[in-house]
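I have placed the structure first, in the form of structure tokens, so that the comments after it can refer back to it.
Along the sequence shown, residues carry numbers from 1. Note that the coordinates shown come from a computational prediction; the quantities given were computed from them, not determined experimentally.
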Amino acid sequence: MRAAPTILHLDMDAFFAAAEQASKPSLRGKPVVVGGLGPRGVVATASYEARRFGVHSAMPMGQARRLAPNAAYLVPRFAFYRAISGQVMGLLGRLSPLVEPLSLDEAFVDLEAGGLADDSASARAVGERLRAEILATTGLTGSVGLAGSKMLAKIASEEAKPDGLVLFEPGTERALLAPRSVRIIPGVGPATGDHLRRAGITTVADVVEAGEDELVRILGRSHGASLYRMALGHDGRPVVAERDAKSVSVEDTFDIDLHDRSRIRLEVERLAERCVERLRRSGHSGRTIVLKVRRYDFSTLTRSETLRGPTDDPLVVREAAERLLELVDTTGGVRLLGVGVSGLADYTQEDLFAQAEAEAEAEAGAGGDEGGGRAEAGDGVAPSVAAVAAPPTATETATRRWAPGNDVRHAVLGAGWVQGSGLGRVTVRFEEPGSTAPGRVRTFSVDDPELEPADPLPLVPGGVTGTEPAAPVVRTGD
């Protein structure tokens, strides 16, 4: 434990929802829910106004709509959020060389390593200045926790929400933790919490009273000993600037189960291409391609294939994902598909075997292979996906193009955002982040030539938009 509260934890307030409220004046002060809007969607973030109705992240969207029927429900604009996150992380990088991002909206900072703080007064001054800079740069608010350890700094930022700063003085850890729920300790999830509750342990004080031997008996040596140390306020985990990425992946949940095998192949192909885009933006390549399939009965299957060397070639990844799909029975329907790449490296090695195979296929095709596909021993020839997979329907295209919350621009009326669409019509509210009053609403045909999708506008003059490059979130394991 440190003698001064020089570990800072920043957590942006209701980040996705707050960004939407800042960019849409008509939604300020009103309940906003961001997430998947289909019947199987889940809440990504809820504004504080929506939380008063009981809406929270990871909640099924259908349940959220029942709790807050009059809230605004919007699709996420991840490119926009990443651009804002890049600004925030840039501000943190000025404070210290040791910044440990946990997600787009959350990070630890070691102020001692930056030489900016060595006592409570200087640490508080840095935290207050950071909050002011974030507001001026992004138009959004963040909460700051300061303490002598990562665990206490994160607890402090939770207490500071929304838009506040809380500092825990080193030496007060045990008194601060004692009355709190055991769930506040890192590593104590619902299952462990229930296990401890059945043993009569519900608060941090109960953990200390039980003693290390009893915790080891209940939870095992590693987990029990770690929990006991944390309950005493002992957390020596350092702020780590570089976190080794383990995988990059993308997945989609479908509103209606997919049954057509050709359509499933097409979705796998799209996911593979999106995965490679994210892989390249992170500056990585990978050796192992992973396919995830969740079937109609919620059973989830994963299949993987390890290449001879790391790659970021979209053709190689796509073909590997398609081969893996052939190993999965999709009879009955598919509700979720995902493609990932693991075994990451920061260099790319040509997959000569795949390249030679592709060249051989091309030669075979020129020689009169009418199917244009590749035959495997013992299997029938699989026809080319492009030749048989039907493109998305007009309804699907319109739904993606005019999803609630997306930015648009009208040739005459200017910038706005989609409030809703259906039956061949799209309703748009015309307003900008700097507007002082809610904008006017107009309805158009979905194929109106004067209306088109647009890039997000910056929240503050001179700020970033979703078109600027930003580092993607790379998964670091579950």
Working for side chain to side chain contact (heavy atoms under 4.5 Å, CB included), residues Ile134 and Thr141:
CA-CA 7 Å; Ile134 290 173; Thr141 62; over 6 Å; no
Looking at Glu273 and Arg278, is there a salt bridge between them, counting it only when a charged N and a carboxylate O are closer than 4.0 Å?
no
pair His56-Val43: side-chain heavy atoms closer than 4.5 Å:
no
Could you please spell out the steps behind the side chain to side chain contact (heavy atoms under 4.5 Å, CB included) verdict for Val239 and Ile7?
CA-CA 8 Å; Val239 176; Ile7 293 182; 4.3 Å; yes
Row check, Phe298 ring normal vs Arg335 NZ/CZ: under 6.0 Å, within 45°:
yes
Residue pair Ala321 / Val268: nearest heavy atoms and the distance that separates them:
CB-CG1, 3.7 Å
Hey, mind stepping through Arg237 and Glu100 against salt bridge (Lys or Arg N to Asp or Glu O under 4.0 Å) and telling me if it holds?
CA-CA 12 Å; Arg237 294 175 299 163; Glu100 182 178 340; over 6 Å; no
Any non-hydrogen side-chain atom of Val290 less than 4.5 Å from a side-chain atom of Ser342?
yes
Do Glu251 and Lys292 pass the salt bridge (Lys or Arg N to Asp or Glu O under 4.0 Å) test, and can you show the C-alpha distance, the side-chain angles, and the key distance before you say yes or no?
CA-CA 8 Å; Glu251 61 183 41; Lys292 177 180 176 181; 3.2 Å; yes
Whether Tyr73 side chain and Met61 backbone form a donor-acceptor pair below 3.5 Å
no
Check: Thr306/Arg287 side-chain N/O donor and acceptor closer than 3.5 Å
no
State whether a side-chain donor-acceptor pair under 3.5 Å links Asp313 with Thr311.
no
Residues Arg131, Asp163: salt bridge by 4.0 Å N-O rule:
yes
What are the two closest non-hydrogen atoms of Cys275 and Gly340, and how far apart are they?
SG-CA, 3.9 Å
Verdict with reasoning, Arg265 to Glu269, per salt bridge (Lys or Arg N to Asp or Glu O under 4.0 Å):
CA-CA 6 Å; Arg265 287 196 191 98; Glu269 179 179 305; over 6 Å; no
When the aromatic ring centroids of His259 and Tyr296 are compared, is their separation below 6.0 Å?
no
Short question: side chain of Lys154, backbone of Leu10 - any donor-acceptor pair under 3.5 Å?
no
Which is it for Leu337 and Leu271 under the side chain to side chain contact (heavy atoms under 4.5 Å, CB included) test, yes or no, and what are the steps along the way?
CA-CA 8 Å; Leu337 290 169; Leu271 287 167; 3.6 Å; yes
Is there a side-chain contact between Pro314 and Arg280 in this structure, where contact means two heavy atoms from C-beta onward sitting under 4.5 Å apart?
yes
Of the non-hydrogen atoms in Arg303 and Val328, which two are nearest, and what is the gap between them?
CG-CG2, 3.8 Å
Students often mix this up, so state it plainly: with edges at 30° and 60°, are the rings of Phe108 and His9 parallel, tilted or perpendicular?
tilted
Applying salt bridge (charged side-chain N to carboxylate O under 4.0 Å, His left out) as the test, list every pair that has at least one member in residues 417-439; sequence neighbours left out.
none
Report yes or no: does Thr137 contribute a side-chain atom to a donor-acceptor pair with the main-chain N or O of Glu133 at less than 3.5 Å?
yes
Going by heavy atoms in the side chains, are Arg65 and Leu37 under 4.5 Å from each other?
yes
Please check this pair: side chain of Ser85 against backbone of Leu104, looking for a donor-acceptor N/O pair closer than 3.5 Å.
yes
To the nearest 0.5 Å, what is the distance between CG on Asp257 and CZ on Arg295?
12.0 Å
Arg51 (side chain) donor-acceptor with Ala46 (main chain) under 3.5 angstrom:
yes
Indicate yes or no: at least one non-hydrogen side-chain atom of Phe15 is less than 4.5 angstrom from one of Thr45.
no
Side-chain (Trp417) to main-chain (Pro404) donor-acceptor, under 3.5 angstrom
no
Separation between NZ (Lys150) and CD1 (Ile155), nearest 0.5 Å, reads 13.5 Å
Output for pair (Leu27 CG, Leu74 CG), nearest 0.5 Å, gives 6.0 Å
Any side-chain heavy-atom pair of Val418 and Thr427 under 4.5 Å
no
Are any of the side-chain nitrogens in Glu305 or Arg323 under 4.0 Å away from the carboxylate oxygens of its partner?
yes
For Arg261 versus Leu325, what's the shortest heavy-atom pair and its separation?
NH2-O, 2.8 Å
Given 3.5 Å as the limit, does a donor-acceptor pair link the side chain of Thr138 with the main chain of Leu140, or not?
yes
Ser47: which residues meet the side chain to side chain donor-acceptor pair (under 3.5 Å) condition with it, sequence neighbours left out?
Glu49
Restricting to non-hydrogen atoms, name the atom on Ala71 and the atom on Val33 that form the minimum distance, rounded to 0.1 Å.
CB-CG2, 4.2 Å
Nearest 0.5 angstrom please: Asp105 CG to Asp13 CG, how far?
9.5 Å
Measuring from atom CE of Met89 to atom CD1 of Ile84, what distance do you get when rounded to the nearest 0.5 angstrom?
12.0 Å
Between the side chains of Arg294 and Thr253, does any donor sit under 3.5 Å from an acceptor?
no
Stepwise, does the side chain to side chain contact (heavy atoms under 4.5 Å, CB included) test hold for Leu315 with Val317?
CA-CA 6 Å; Leu315 177 62; Val317 175; over 6 Å; no
Straight-line distance of Asp407 CG to Phe80 CZ, nearest 0.5 Å:
7.5 Å
Steps toward salt bridge (Lys or Arg N to Asp or Glu O under 4.0 Å) verdict (Asp252, Arg270):
CA-CA 10 Å; Asp252 276 340; Arg270 288 178 178 152; over 6 Å; no
Looking only at the side chains, is there a donor atom on one of Glu20 and Tyr81 sitting less than 3.5 Å from an acceptor on the other?
yes
Ser282 (side chain) donor-acceptor with Leu279 (main chain) under 3.5 angstrom
yes
Does the side chain of Pro31 reach to within under 4.5 Å of the side chain of Val55, using non-hydrogen atoms?
no
Would you say Arg409's side chain and Pro453's backbone share a donor-acceptor pair under 3.5 angstrom?
no
With heavy-atom distances below 4.5 Å as the criterion, would you say the side chains of Pro456 and Arg77 are in contact?
yes
Please name the pair of heavy atoms, one in Gly145 and one in Ala156, separated by the smallest distance, quoted to 0.1 Å.
CA-CB, 3.6 Å
Is the side chain of Asp235 donor-acceptor paired with the backbone N or O of Met151 at a distance under 3.5 Å, no angle test?
yes
